[in-house]
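Only one structure is covered here, and it is reproduced in the block below.
Both counts, for ligands and for their atoms, begin at 1 and track the order of listing.
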Amino acid sequence: MHELICATSSVSFNSLPSSPVNHTFYDTTRFTFRFLKNKHIASFPCMRAQQSEATDGSAINIASDDSKVDALDIKESKVKNSQIDIAATQGIKIRRRPPTGPPLHHVGPFEFRLQNEGNTPRNILEEIVWNKDTEVAQMREKKPLGSLKKATDIAAPPRDFIGALKASYEKTGMPALIAEVKKASPSRGVLREDFDPVEIAKAYEKGGAACLSVLTDAKYFQGSFENLEAIRNAGVKCPLLCKEFIVDAWQLYYARAKGADAVLLIAAILQDLDIKYMTKICKMIGLTVLVEVHDENEMDRVLEIDGIQLIGINNRNLETFEVDISNTEKLLEGERGEKIRQKGIIVVGESGLFTPADVAYVQEAGVKAILVGESLVKQEDPTKGIALLFGKDISA
Ligand SMILES: O=P(O)(O)OC[C@@H](O)[C@@H](O)c1c[nH]c2ccccc12
């Protein structure tokens, strides 16, 4: 039932066969056991890299300098813990990575860790973020930041996302539309079988959308960066929002290189400092930032950050999928609404908008733009879908 895996501390990998069996750890049904002396092999990314080289058959030696490694071990765990502490003080419940912290128990020469629920995502947002972390690490390896920066430099110049929203609002007197090119979602499944992203984007533009949002997450939303690029290259003039789960600054450069004019930063998964730092990078490379909030705490955090011009209020709770459009009103009431007006921030009402009454309701609450996917993408003709949503033709 429980498996015990041992390796000696002064192991020299070139003395072992190339099979990983001898020097990897086995997560068994409930417990992971390993010799204490070797704990660093699993603990450090650099060691892990060396380990995988060994599995390729190349010869490597890992010097056993336990004191140095232990010091690093402590440092790594401290950094992790302090990040968790910061997130906690900011009220962030989403854990950015599985908590593979120090072992819980020492038994004689072994350490053992209960393979507890802590290493299982607690909700869909956490699952998405953990997957994204791995996905981004793999993409980064294929396209390091240096080459990506060059691609960013030669990308077509960014379009004015906020300018397009303002112009539309002024023209129609109604919230500017950010229409979303969305094939599927974890909560609703596939929204449209005959999904042609370019055709849908063109239909949105024709119907009077000010900007477009393009889902690029493949695993949960069946989106792609190819869709973003294809829409950009098809002559669509609306500025494009790259709808991604951004967890790493690398993704900002990637989005810009693929033709995005704006990106979404989700306050539920990013600490204040991440939002500040990423906003600075976006400014440098010409990307507009839309910061998404879902509750009062996230709104208050974001209102403390300088330079935020666009805030999206998501009516969908990404942890439970519950949608409630009164959330927009709730977050714009009283002092918060006042502060937003004073700062000249444009608020975008996001998710769950289906009817002219819904649009009127969030407009009344104070939004100057809306982000809509499902109700438009499901329409046979998305152009007509826009007129139905607004109760009139807004394309003229
Ligand atoms: O399809 P809807 O209910 O109109 O929602 C669109 C958009 O708000 C939603 O897709 C969204 C809002 N924030 C997100 C963050 C990630 C993925 C998707 C989203």
Side-chain angles (χ1 to χ4, degrees), residues 94 123-132 135 165 175-192 195 197 200-201 204 207 209-225 227-228 240-247 251 255 260 262-270 275 289-295 298-299 302 310-328 331 347-359 361-362 367 369-379 382 385-386 388-390:
I94 297 297
N123 54 56
I124 184 72
L125 183 55
E126 208 165 75
E127 184 188 321
I128 293 173
V129 167
W130 291 6
N131 269 293
K132 193 55 72 181
E135 184 187 306
L165 295 180
L177 175 65
I178 307 170
E180 186 153 277
V181 180
K182 179 182 195 180
K183 177 166 184 183
S185 74
S187 59
R188 305 281 184 173
V190 174
L191 297 169
R192 190 183 181 109
F195 185 81
I200 293 167
Y204 283 159
C211 299
L212 306 183
S213 161
V214 184
L215 254 319
T216 51
D217 175 79
K219 192 171 160 91
Y220 297 92
F221 291 85
Q222 297 190 32
S224 70
F225 279 94
N227 289 355
L228 183 73
L240 305 180
L241 169 76
C242 169
K243 196 59 141 8
E244 240 317 329
F245 295 85
I246 306 275
V247 291
Q251 293 167 281
V263 286
L264 184 80
L265 299 181
I266 303 175
I269 60 179
L270 296 171
I275 297 176
V289 172
L290 170 61
V291 187
E292 177 174 299
V293 302
H294 175 68
D295 59 26
E298 289 168 13
M299 178 66 100
V302 172
L310 207 52
I311 296 181
I313 298 179
N314 198 352
N315 296 315
R316 181 177 290 112
N317 179 331
L318 291 175
E319 294 174 33
T320 62
F321 292 143
E322 273 163 37
V323 180
D324 178 1
I325 67 167
S326 72
N327 197 43
T328 298
L331 298 196
V347 177
V348 184
E350 299 180 359
S351 307
L353 303 172
F354 289 85
T355 65
D358 293 342
V359 176
Y361 174 67
V362 292
V367 312
I370 53 174
L371 174 51
V372 186
E374 181 178 346
S375 68
L376 301 178
V377 91
K378 274 187 153 174
Q379 296 288 333
I386 295 177
L388 285 173
L389 175 70
F390 282 84

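- With distances taken over non-hydrogen atoms, the option nearest atom 9 (C) of ligand 1 out of H294, E350, K243, E374 is K243.
- In R188, neither the side chain nor the backbone holds a heavy atom less than 4.0 Å from any atom of ligand 1.
- Residue-level proximity to ligand 1 for V323 is absent, since no heavy atom of it falls below 4.0 angstrom.
- Near L264, meaning under 4.0 Å from one of its heavy atoms, ligand 1 places the atoms 15 (C).
- In summary, the atoms of ligand 1 found under 4.0 Å from a heavy atom of V372, numbered by their order in the structure, are 4 (O).
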Taking it one step at a time, do R188 and E374 satisfy salt bridge (Lys or Arg N to Asp or Glu O under 4.0 Å)?
CA-CA 9 Å; R188 305 281 184 173; E374 181 178 346; 3.1 Å; yes
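- For the pair N314 and ligand 1, a heavy-atom separation below 4.0 Å is found.
- Of all protein heavy atoms, the one closest to atom 13 (N) of ligand 1 is E292 OE1, 2.6 Å.
- Near G373, with a cut-off below 4.0 Å to any heavy atom, the atoms of ligand 1 are 1 (O), 2 (P), 4 (O), 6 (C).
- With 3.5 Å as the limit, one finds no donor-acceptor pair spanning the side chains of E322 and N317.
- For the residue pair N123 / T320, no side-chain donor-acceptor distance below 3.5 Å is found, with atom types taken as modelled.
- Residues L353 and L389 approach most closely at O-CD1, 3.8 Å, considering heavy atoms.
- For the 3.5 Å distance criterion, the side chains of Y220 and E127 qualify, holding a donor opposite an acceptor.
- Assignment of R316 to the shell around ligand 1 is supported, since a heavy atom sits closer than 4.0 Å.
- For the pairing with D217, the salt bridge (charged side-chain N to carboxylate O under 4.0 Å, His left out) check across K183, K132, K182 returns one residue only, K132.
- Between T216 atom OG1 and N227 atom CG the span is 9.0 Å, to the nearest 0.5 Å.
- For atom 16 (C) of ligand 1, the nearest non-hydrogen atom of the protein is F245 CZ, 3.3 Å.
- Scanning all protein heavy atoms for the shortest distance to atom 8 (O) of ligand 1 gives S351 OG, 2.7 Å.
- Counting only heavy atoms of the protein, atom 7 (C) of ligand 1 lies nearest to E180 OE2, 3.4 Å.
- Atoms of ligand 1 found under 4.0 Å from any heavy atom of G352, numbered from 1 in the order shown, are 2 (P), 3 (O), 4 (O).
- Between V348 and the options L371, T328, V362, a side chain to side chain contact (heavy atoms under 4.5 Å, CB included) holds for only L371.
- Closest non-hydrogen pair, E244 versus I266, comes out as O-CD1, 4.3 Å.
- For ligand 1, the polar-atom distance check against F221 finds no nitrogen or oxygen pair separated by under 3.5 Å.
- Between R316 and E350, none of the side-chain N atoms (NZ, or NE/NH1/NH2) sits under 4.0 Å from a carboxylate O, so this pair counts as no salt bridge.
- Polar contact with ligand 1: absent for S375 (N/O pair, distance under 3.5 Å).
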